[in-house]
Structures are given as C-alpha cells and as structure tokens.
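Following: one structure in structure tokens, then a few remarks.
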Amino acid sequence: MKKKIIAYLSRNDFTEEDAKRLTHVNVAFGLVHTDGTIDESHSVNENIAKYKSWNPELKFVLSLVQAEPNSFTSVCASKEAMKKMGEEA
C-alpha cells in the first residue's frame with residue numbers, strides 16, 4: 001500500500017516544497033446551500049493549477065460545511081438537490 005501524506009489548506013500558504021511532499025490536500029471549505037449548490041469561491045481554487053504544475057499527482061479534496069442551517073438535511077431530502085450537489089462537486 002502506497003503511503004499517503006495529507007495536508008489541510010484553508011488559504012494560499014502553500015509552497016512548491018509542500019506540493020512535492022504531499023499526495024493529497026484537504027481544502028476548506030465549500031459551502032453547501034439548501035438547493036444543492038456549492039459555493040467554493042475562495043482563493044485556493046485559483047491556484048490549484050499552479051499547485052498541480054508543481055506535483056501533477058497531487059489530489060485535492062473539498063471539505064463541505066453548511067451555508068445555512070439544515071443545508072445538508074434539505075439536500076438529502078430532495079433528489080433534485082442531491083443531483084445538483086453531485087454535479088457541482
């Protein structure tokens with residue numbers, strides 16, 4: 001089994017040396033809305049191509065949190081919202 005080295009990133013305090021050492025990056029946070037849309041408009045996304053140029057094998061995982069109270073419950077209760085969230089992710 002190949003060893004995984006994972007980091008948590010909430011802003012762009014990430015170096016080329018970091019990228020070359022890591023296998024995965026957990027990005028904080030995508031905001032889930034009750035309609036299933038995901039707001040992931042933070043500066044980390046703008047730099048993913050640069051990070052991948054440093055390490056093409058680097059994988060990114062987006063952590064999700066609720067944008068409004070009961071966002072997850074609302075999405076899970078609606079097939080349409082679940083489909084939309086799947087397409088957004």
Side-chain angles (χ1 to χ4, degrees):
M1 178 183 276
K2 188 176 176 183
K3 187 176 183 179
K4 292 182 173 89
I5 303 171
I6 303 169
Y8 186 80
L9 182 63
S10 61
R11 56 187 185 283
N12 286 308
D13 53 354
F14 196 69
T15 67
E16 185 171 356
E17 184 179 342
D18 294 331
K20 289 179 177 177
R21 288 184 177 168
L22 299 170
T23 60
H24 295 74
V25 176
N26 191 356
V27 179
F29 287 103
L31 302 174
V32 176
H33 295 276
T34 55
D35 64 356
T37 58
I38 300 173
D39 176 7
E40 51 179 311
S41 58
H42 44 67
S43 58
V44 172
N45 290 341
E46 297 167 5
N47 290 302
I48 286 178
K50 176 175 73 174
Y51 302 150
K52 297 241 345 145
S53 75
W54 295 337
N55 177 356
E57 300 299 314
L58 192 60
K59 306 285 189 253
F60 289 85
V61 178
L62 178 64
S63 296
L64 300 174
V65 296
Q66 298 185 115
E68 301 103 16
N70 299 315
S71 291
F72 290 131
T73 302
S74 297
V75 169
C76 290
S78 164
K79 286 184 181 183
E80 183 177 305
M82 282 193 292
K83 181 178 178 186
K84 182 155 191 124
M85 188 170 94
E87 291 168 351
E88 295 259 329

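Excluded from the calculations below are hydrogen atoms, water molecules and symmetry mates; all remaining heavy atoms, backbone and side chain alike, are included.
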Q) Just one of Ile6, Val25, Asn26 clears the side chain to side chain contact (heavy atoms under 4.5 Å, CB included) bar with Val61, so which one? A) Asn26
Q: Using modelled atom types only, decide if a donor and an acceptor are shared between the side chain of Thr34 and the backbone of Ser74 within a distance under 3.5 Å.
A: no
Q: Please tell me if the side chains of Val75 and Met82 come closer than 4.5 Å, counting only heavy atoms from C-beta onward.
A: yes
(Q) Using 30° and 60° as the class boundaries, would you call the ring planes of Phe29 and Tyr8 parallel, tilted or perpendicular? (A) perpendicular
Q. Less than 4.5 Å apart, any side-chain heavy atom of Ile5 and any of Arg21?
A. no
(Q) Let me confirm one number: the SG-CG distance from Cys76 to Asn70, rounded to the nearest 0.5 Å. (A) 11.0 Å
(Q) Contact between Phe14 and Leu22 at the side-chain level, heavy atoms closer than 4.5 Å - yes or no? (A) yes
Q) Is any side-chain heavy atom of Val65 closer than 4.5 Å to a side-chain heavy atom of Leu31? A) yes
Q: Please examine the side chains of Trp54 and Asp18, heavy atoms only from C-beta on, and report whether any two atoms are closer than 4.5 Å.
A: no
Q.
Are Leu58 and Phe60 packed together at the side-chain level, in the sense that at least one heavy-atom pair is separated by less than 4.5 angstrom?
A. yes
Q. If you measure from CD on Glu57 to NZ on Lys52, what distance do you get to the nearest 0.5 Å?
A. 7.0 Å
Q: First locate atom CD of Glu87, then atom CE of Met85, and finally report the distance between them rounded to the nearest 0.5 Å.
A: 11.5 Å
**Q.** Reported CG-to-NZ distance for the pair Asp35 and Lys84, which is rounded to 0.5 angstrom
**A.** 6.0 Å
Q | Rounded distance [0.5 Å steps], CD in Glu68 versus OG in Ser71 | A | 4.0 Å
